[in-house]
Number of protein chains: 2
Amino acid sequence: MNIGEIARRAGVSRSTVSYALSGRRSVSAQTKQRIQAVIDELGYRPNAAARALKEGRTRTLGLVIPPASLRLTDMQLGFVASVVEAAAHADLDVLLSPSGGDHDRSFERLISGRRVDGIILMEIRLEDERVTRLQQEGLPFVTIGHTAHPQGVCWVDIDYAELVARSVHHLADLGHRSIALLNRSAELVAAGYGPAHRAQAGFAEAVGRRGLRGIELPCADDPAAGEEWFEQLRERHPEVTAITTINEAALPGLQRGIERLHVAVPREMSIAGVAARHWAEGFRPQLTAADVPTGEMGAHAVELLLERIAAPTGAPRHLLLAPPISLRDSTGPARTD
Amino acid sequence: MNIGEIARRAGVSRSTVSYALSGRRSVSAQTKQRIQAVIDELGYRPNAAARALKEGRTRTLGLVIPPASLRLTDMQLGFVASVVEAAAHADLDVLLSPSGGDHDRSFERLISGRRVDGIILMEIRLEDERVTRLQQEGLPFVTIGHTAHPQGVCWVDIDYAELVARSVHHLADLGHRSIALLNRSAELVAAGYGPAHRAQAGFAEAVGRRGLRGIELPCADDPAAGEEWFEQLRERHPEVTAITTINEAALPGLQRGIERLHVAVPREMSIAGVAARHWAEGFRPQLTAADVPTGEMGAHAVELLLERIAAPTGAPRHLLLAPPISLRDSTGPARTD
DNA sequence: TTGTAGGCGTTATCAA
DNA sequence: TTGATAACGCCTACAA
């Protein structure tokens, strides 16, 4: 089924059908109606490839996700869902590319094959060759997270430094003097993963400013590691009365560790963090945390990308989100024994 | 950058470049080398739209996921990841369509716009209009899960009836006489969601055959509901000594409920289920469960779809997976007090 | 071994 | 208000 067939059945030329659909030229009401009737009857839709070839745009966005081998976190998942939804809302499709490195085949297909009009890049590293690759190709893109030198790049990110600092201040206000940071995994820190670095920075800054004792212990991104992390913390640093964390995946394990050692939250230990609302509310007691707005982030990323596609040479915009900390039940005054 | 430009720079015709790339005609080593040098220098790749238009295939698969508003379960997520990976392995891209109903715009774009060579449909209902829509369009597709009348359709599914029955038999063998089924939500059952129906059927059949007392209580698909479910169970059916479940999302809540009421597992209560390995191992104590092989399922679905695309008229294949139950720590002999 | 030319389905320019 | 036609970039049958 193609436009020629529609034209033939409606007794008009192909261009008239095309114009009737696009509205870029006036078509008599009568003709338009006849064409529409045929289209409805046959269920015609323009062939996407032909249209893309002619128009030079694909009406498709690319979303580069971490390789499937790495389990996606809840936060990342929420982000993928919101990007897809926001794109669908703009009548755009989303092409997925699971790739980490620069030389990934599907990543290369996406960009040099001109399969998409723009790209959203997740899980950016502080030094990220994919960014330079996209810049050299001149394909519009938006990153989630930002590189060490994000000038000239559109990005959306969570201000982990600010959020961790805020939770430290909140805990300090409650009288806590020894606070531990439950950061993302040592591997990620080593790989130059921005959130982990910035959490570190924000923690150090706030702890320094308030004259507190700050403890940092590495922890892998999974429940088992969280449980072990808590044991180690109690063993090595019994003076710690509060924890701040950005490691969502370790939360269930942290909870198990706390329960196993019979530590009362928040009476004996306060916990504040950065997490998707879903996780914060699933914690027991519910977690005082900055709720990461994954849904908004996806929508913002799509919005920024569409702007960039419309005006590739404009000044790049970026968004640094610092959602407020929602007070729940996991933080309270420091114990005074 | 297009094939003409490459041809010009290499001093050959466009067809020679095309043949050098496809290998469908012999090209002298010297010419081939010259062409390759130019391609490498300029980073040329065939335009996907032009190629799709000419060849009549897009080298893209469509994956229809549940709408973003519904939180994807871990199992679904694992499935998406494995489909994307399997597709990438075959040098295919994956286009995502978040849609529930038949008249969804992105779903329609996918199929009548010929944006994909085939489609994988997740979260099939017993009566699913998307299936009939795809059949009428004549687009190859594979479903995850199957409809009430799956004749002539390719599908991959988990044999929930068999797995639930097996877990009931396992529990009966351990001496349990009153067993509760923690099924998916009442809404899903009402909507004709296959796994929920088949779990029910398998449960009823096995319970009947072993002469047991079978309890069914509805439970929404989230942790809070799981916790409440367990309370209700203890209140209304204190005689129950074993639970079988396919409701992954309710597991964390079930666990909390068990801990809150200080019920010892498996001494006072045995639990067996169907769940992604990740969830089973995250449960405390680790859950005796049939581990849903999401990774394999995605790969199988892609494999079946590729077969179907290659031979659309062949006999439709299907796969009903019944992975063995992995014995872990949550099941034991019935208490005898 | 290589080149020429036609057509995939669409949109847009030019002409009527 | 409408129609004929060229062009997007690629692949391939045919010709040399």
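Every chain is numbered from 1, with letters handed out A, B, ... down the list of sequences. Side-chain atoms are counted along with the backbone in the values below, which use heavy atoms only and exclude waters and symmetry mates.
Pairs of residues two or more places apart, or lying in two chains, that qualify as salt bridge (charged side-chain N to carboxylate O under 4.0 Å, His left out) and include a residue from residues 46-64 of chain A are A/Glu55-A/Arg57, A/Glu55-A/Arg59. For the salt bridge (charged side-chain N to carboxylate O under 4.0 Å, His left out) condition, no pair includes a residue of residues 292-302 of chain B, sequence neighbours left out.
Remark: B/Gln33 engages no residue in a side-chain hydrogen bond (donor to acceptor under 3.5 Å, both in side chains) (not counting sequence neighbours). With sequence neighbours excluded, no residue satisfies ring-ring contact (aromatic ring centres under 6.0 Å, His included) with B/His89. Listed by chain and number, the residues in a side-chain hydrogen bond (donor to acceptor under 3.5 Å, both in side chains) with B/Ser112 are A/Arg45, B/Glu108 (sequence neighbours excluded). B/Tyr19 is linked by a side-chain hydrogen bond (donor to acceptor under 3.5 Å, both in side chains) to nothing, counting only residues two or more places apart in sequence or in another chain. Listed by chain and residue number, nothing satisfies the side-chain hydrogen bond (donor to acceptor under 3.5 Å, both in side chains) test with A/Asp159 (two or more places apart in sequence, or in another chain).
Of the possible donor and acceptor atoms, none in the side chain of A/Thr147 sits under 3.5 Å from a partner among the backbone N and O of A/Asp128.
For the pair B/Phe107 and B/Leu121, the minimum side-chain heavy-atom distance is below 4.5 Å.
The nucleotide range of DNA chain C contacted by chain A, defined by atoms under 4.0 angstrom from heavy atoms of the protein and reported 5' to 3', is C/dG9 to C/dC14.
Here A/Arg133 does not pair with A/Glu129 in a salt bridge; the nearest charged N to carboxylate O distance is not below 4.0 Å.
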Nucleotide-resolved protein contact map, nucleotides 9-16 of chain D, B/S/- at heavy-atom distance under 4.0 Å: BBBBBB--
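Side-chain contact annotation: B/Ser99 with B/Arg130, donor-acceptor N/O pair under 3.5 Å absent.
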Pair up each side-chain donor or acceptor in residues 308-317 of chain A with any protein partner under 3.5 Å, not counting sequence neighbours, and list the distances.
residue, atom, partner, partner atom, Å
A/Arg308, NH1, A/Gly314, O, 2.9
A/Arg308, NH2, A/Pro312, O, 3.2
A/Arg317, NH1, A/Glu307, OE1, 3.0
A/Arg317, NH1, A/Glu307, OE2, 2.4

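For the segment residues 27-38 of chain B, no residue has any heavy atom less than 4.0 angstrom from an atom of DNA chain D.
An angle of 40°, rounded to 10°, separates the two end axes of the helix from C/dT1-D/dA16 to C/dA16-D/dT1, each defined over five pairs.
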